[in-house]
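What follows is a set of notes on a single structure, which appears directly below.
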Amino acid sequence: MREFAEPYRHGWRESIQVRALLYDGQSAFQHLQVLDTVPFGRLLVLDDACQTSEADEYTYHEMLVHVPMMAHPDPKRVLVIGGGDGGALRRVLEYPVEQATMVEIDGEVVRVSRELLPGIAGDAFEHPRGELIIGDGVKYLRETTEHFDVILVDSTDPVGPAVDLFNEEFYRNAQRAIGDNGIIVTQSGSPLVMLDELIAAVKQLCSVFPIVKTYLACVPIYPGVLWSFTAASNNLDPAAVDPARIAARLRANGKPTGWYTPEIHRAAFALPNFLTAALGIQTADEPSALPLPISGE
Ligand code: SAM
């Protein structure tokens, strides 16, 4: 294999130079590959979709984790759904949490990541305050009686086993588990080439939570590079966090960040006009459509 590219979306794709295919296997849920690439080092691919890489993993994981963790005043119990590579769990464990539980449906993703991408999880899977459950996050959240301060949905895109991680029933169960003072964040896809999926996730979240806010980051391996996350809560406004308090908590964690800063936290919630219009449900009663930067098929 000399190069890897996800399928075209709207006539556009990015291609990555590959040095070697390090792993190629099929689990009960998906096709797993680990590639040694020129720009990103080792890259995890599931069902032809880039998941995480050694070089750029921090851009995604820091924004998925730090934004909701900082939006909560004192998160003690955290649930990660998906996240088989361990990068999200590792960031959660930088905080003084009592327990971080990760529910990943595919044990093969964890096994292969631990073997071939060990730097992404660090010691998260051996951490005394970390708990790994191999199981379906949808079923787990439906059945659990536990309370969580923060829920992170670090899932694959809404296909296959991840479809039900984006629907109203799942978000209602999340709401029950986080109560009035908790917060949930989901990765919500590319605003440029997966806008329909982002709009669908936001709509479902809005049908359950009074506060729903989308924020952005750049994740080079993902289609379109520009990526979205959406946070929802009954009471916490994830955009209204005191930068000085963020800085103090980052210092207390004692782990340097490569992307996330107090200023980035606030700036990430600034959306371009076309997106505000497309997600009008969040910000305006009568949204008007604006031209999209990619015209489509
Ligand atoms: N950062 C990635 C992205 O946005 O492309 C996600 C990384 S992580 C590897 C995604 C994980 O979600 C996969 O390992 C997949 O097995 C897991 N997953 C998908 N559906 C799930 C479900 N219903 N319950 C738990 N984990 C699930």
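By convention here, the first residue in the shown sequence is residue 1. We count ligands from 1, going down the list as the structure has it; atoms in each ligand are counted the same way.
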Problem - For atom 24 (N) of ligand 1, closest protein heavy-atom neighbour - result: G137 N, 2.8 Å
Practice task
Flag D136 as yes when one of its N or O atoms lies below 3.5 Å from any N or O atom of ligand 1, and as no otherwise.
Solution key: yes
Handout entry: Mode of I105 contact toward ligand 1 - side chain, backbone, both, neither (heavy atoms, under 4.0 Å)
Key = both
Practice task
State whether a side-chain donor-acceptor pair under 3.5 Å links T214 with S228.
Solution key: no
Problem - Donor-acceptor side-chain pairing of H66 and Y95 below 3.5 angstrom - result: yes
Practice task
Provide, to 0.1 Å, the distance between atom 13 (C) of ligand 1 and the closest protein heavy atom, together with that atom's residue and name.
Solution key: E104 OE1, 3.5 Å
Handout entry: R266 CZ: over 12 foreign heavy atoms closer than 6.0 Å
Key = no
Handout entry: Whether over 12 other heavy atoms sit under 6.0 Å from E146 CD
Key = yes
Practice task
Check the side chains of H61 and D85 for a donor-acceptor pair under 3.5 angstrom, ignoring hydrogens and angles.
Solution key: yes
Handout entry: Salt-bridge present (E57, R91; N to O < 4.0 Å)
Key = yes
Exercise for the section: Report yes or no: does G135 have a heavy atom closer than 4.0 Å to ligand 1? Expected result: yes
Exercise for the section: Would you mind listing which atoms of ligand 1 come within a distance below 4.0 Å of any non-hydrogen atom of V103? Expected result: 25 (C), 26 (N)
Completion exercise
If we number the atoms of ligand 1 from 1 as shown, the ones under 4.0 Å from a heavy atom of L46 are 13 (C), 14 (O)
Exercise for the section: Before accepting this row, confirm whether a basic side-chain N of the pair E126/R114 lies closer than 4.0 Å to the acidic partner's carboxylate O. Expected result: yes
Problem - Same cluster (ILVMFWY, side-chain, under 4.5 Å), L152 and Y222 - result: yes
Completion exercise
Closest heavy-atom approach to atom 19 (C) of ligand 1 among T52, T156, D85 is made by T156
Exercise for the section: Please work out whether any backbone atom (N, CA, C, O) or any side-chain heavy atom from C-beta onward of D154 is under 4.0 Å from ligand 1, and answer side chain, backbone, both or neither. Expected result: both
Exercise for the section: May I ask you to say whether R172 pairs ionically with E169, meaning some side-chain N is under 4.0 Å from a carboxylate O? Expected result: no
Handout entry: Within reach of ligand 1, part of Y222 (heavy-atom separation under 4.0 Å)
Key = side chain
Practice task
Kindly say whether V138 contributes a backbone atom to a donor-acceptor pair with the side chain of D164 at under 3.5 angstrom?
Solution key: no
Completion exercise
min-distance protein heavy atom vs atom 7 (C) of ligand 1 -> Q51 OE1, 3.2 Å
Exercise for the section: Determine whether the side chain, the backbone, both or neither of A49 has a heavy atom under 4.0 Å from any heavy atom of ligand 1. Expected result: neither
Practice task
Have a look at ligand 1 and work out which part of Q187, if any, has a heavy atom under 4.0 Å from it: side chain, backbone, both or neither.
Solution key: side chain
Exercise for the section: Verify the distance criterion only: is there a donor paired with an acceptor across the side chains of S53 and D56 at less than 3.5 Å? Expected result: yes
Problem - Nitrogen or oxygen of P161 less than 3.5 angstrom from that of ligand 1 - result: yes
Fill in the blank from the handout: Note: Y140, heavy atoms under 4.0 Å from ligand 1, region reported as neither
Practice task
Answer with yes or no whether Y60 contacts ligand 1, where contact means a heavy atom under 4.0 Å from a ligand atom.
Solution key: yes
Practice task
Report yes or no: does a heavy atom of Q30 sit under 4.0 Å from some atom of ligand 1?
Solution key: yes
